[in-house]
Chemist: 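Attaching a single structure in structure tokens format; questions to follow.
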Amino acid sequence: TQLLEQSPQFLSIQEGENLTVYCNSSSVFSSLQWYRQEPGEGPVLLVTVVTGGEVKKLKRLTFQFGDARKDSSLHITAAQPGDTGLYLCAGANEDNFNKFYFGSGTKLNVKP
Amino acid sequence: EAQVTQNPRYLITVTGKKLTVTCSQNMNHEYMSWYRQDPGLGLRQIYYSMNVEVTDKGDVPEGYKVSRKEKRNFPLILESPSPNQTSLYFCASGGSSYYGYTFGSGTRLTVV
């Protein structure tokens, strides 16, 4: 059982469309991060959110941390083929912030 | 360039033959961690270290050992590898788990 559940698992869309990826848990997290991973490479950190209700923007990407710090979302506006990759949410559990958990990931394919 | 360096990138070994995967970071990070990534299971934490000589178990520590004698290095040791340890391994470092990690490029291990 994953501590962090991501949905959807797979997403295939056309260039220019918008999309949202969700990351949910029954546990409270002291912080949550989003990473992007290319095949054969390590995950690359996109953003960290730490405050309930926080919204952060990174160009066409918008990240939100739920008020209760149990969920997060990643919204991409006008997706481009360069956005293709595996998106992972991850976080440090409030009970032990040294233990770190990853969601199972959302595989995004943006077709030109 | 700030980076986490893992070696080797690829390794094929036989059951029971001790091996070490090295990990080094040049960012003076206190926090380092090892993960394995398996299809359908995502990234799971094996061990983490909060500082020199301070290590603790993650979610899947069985069959692995680590040491942290110097701040920059955090090797992963498999004393008697078994086929179920075939996986993609990542080392990561950060100022703290709270803000996220920098990952290495990964080590693909096959145990036959």
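Heavy-atom basis, side chains included; hydrogens, waters and symmetry copies ignored. First the proteins, then the strands, lettered A, B, ... as listed; each starts at 1.
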Chemist: Would you indicate whether A:Lys56, at its atom NZ, is surrounded by more than 12 heavy atoms from other residues, nucleotides or ligands within a distance under 6.0 Å?
Modeler: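 Atom NZ in A:Lys56 is packed in, count exceeds 12.
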Chemist: Residues of residues 38-48 of chain A under 4.5 Å from chain B (heavy atom pairs)?
Modeler: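 So far as heavy atoms go, A:Gly40, A:Glu41, A:Gly42, A:Pro43, A:Leu45, A:Thr48 are the residues that approach chain B to under 4.5 Å.
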Chemist: Among residues 6-22 of chain A, which residues come closer than 4.5 Å to chain B, judged by heavy atom distances?
Modeler: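 Interface residues of residues 6-22 of chain A: none, nothing closer than 4.5 Å to chain B.
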Chemist: Mark yes or no for whether A:Tyr101, through its side chain, and B:Gln45, through its backbone, hold a donor-acceptor pair below 3.5 Å.
Modeler: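 Side chain of A:Tyr101 to backbone of B:Gln45: no pair is present.
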Chemist: Hydrophobic cluster membership, with links at side-chain heavy-atom distances under 4.5 Å among I/L/V/M/F/W/Y: are A:Val55 and A:Leu61 in one?
Modeler: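 Different clusters.
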Chemist: Heavy atom to heavy atom, less than 4.5 Å: which residues from residues 8-23 of chain B reach chain A?
Modeler: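 From residues 8-23 of chain B, the residues near chain A are B:Arg9.
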Chemist: With a strict 4.5 Å heavy-atom criterion, list every residue of residues 52-79 of chain B that contacts chain A, or say none.
Modeler: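 Heavy-atom contacts from residues 52-79 of chain B to chain A are B:Lys57, B:Gly58, B:Asp59.
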Chemist: Examine whether an atom of B:Gln6 lies under 4.5 Å from a heavy atom of chain A, and if so say whether it belongs to the side chain, the backbone or both; otherwise answer neither.
Modeler: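 No part of it gets close to chain A.
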Chemist: Which atoms form the tightest heavy-atom contact between B:Phe90 and A:Gln37, and what is the distance?
Modeler: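 That closest heavy-atom pairing would be CZ-NE2, 3.4 Å.
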Chemist: Is there a chain of hydrophobic side chains (I, L, V, M, F, W, Y, each step under 4.5 Å between heavy atoms) that links A:Val49 to A:Leu3?
Modeler: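 Yes: a chain of side-chain contacts under 4.5 Å links A:Val49 to A:Leu3.
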Chemist: B:Tyr89, B:Met32: one ILVMFWY side-chain cluster at the under-4.5 Å cut-off?
Modeler: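 Linked, B:Tyr89 and B:Met32 end up in one cluster.
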Chemist: Is it the side chain or the backbone of A:Leu88 that comes within 4.5 Å of chain B heavy atoms, both, or neither?
Modeler: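 Contact with chain B involves the side chain of A:Leu88 alone.
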Chemist: Does some side-chain heavy atom of A:Phe100 sit less than 4.5 Å from a side-chain heavy atom of B:Arg44?
Modeler: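 Not in contact.
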Chemist: More than 12 non-hydrogen atoms from neighbouring residues, nucleotides or ligands closer than 6.0 Å to CZ on B:Arg108, yes or no?
Modeler: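 Open.
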Chemist: Tell me whether the centres of the aromatic rings in A:Tyr35 and B:Tyr101 are closer together than 6.0 Å.
Modeler: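 Judged by ring-centre distance (under 6.0 Å), A:Tyr35 and B:Tyr101 do not meet the cut-off.
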Chemist: Report yes or no: do A:Leu58 and A:Leu108 belong to one cluster of Ile/Leu/Val/Met/Phe/Trp/Tyr joined by side chain heavy-atom distances under 4.5 Å?
Modeler: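 Linked within one cluster.
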Chemist: Please check if B:Tyr48 and B:Leu43 belong to a single hydrophobic cluster, counting links between Ile, Leu, Val, Met, Phe, Trp and Tyr side chain heavy atoms closer than 4.5 Å.
Modeler: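 Looking at the clustering, B:Leu43 is in the same group as B:Tyr48.
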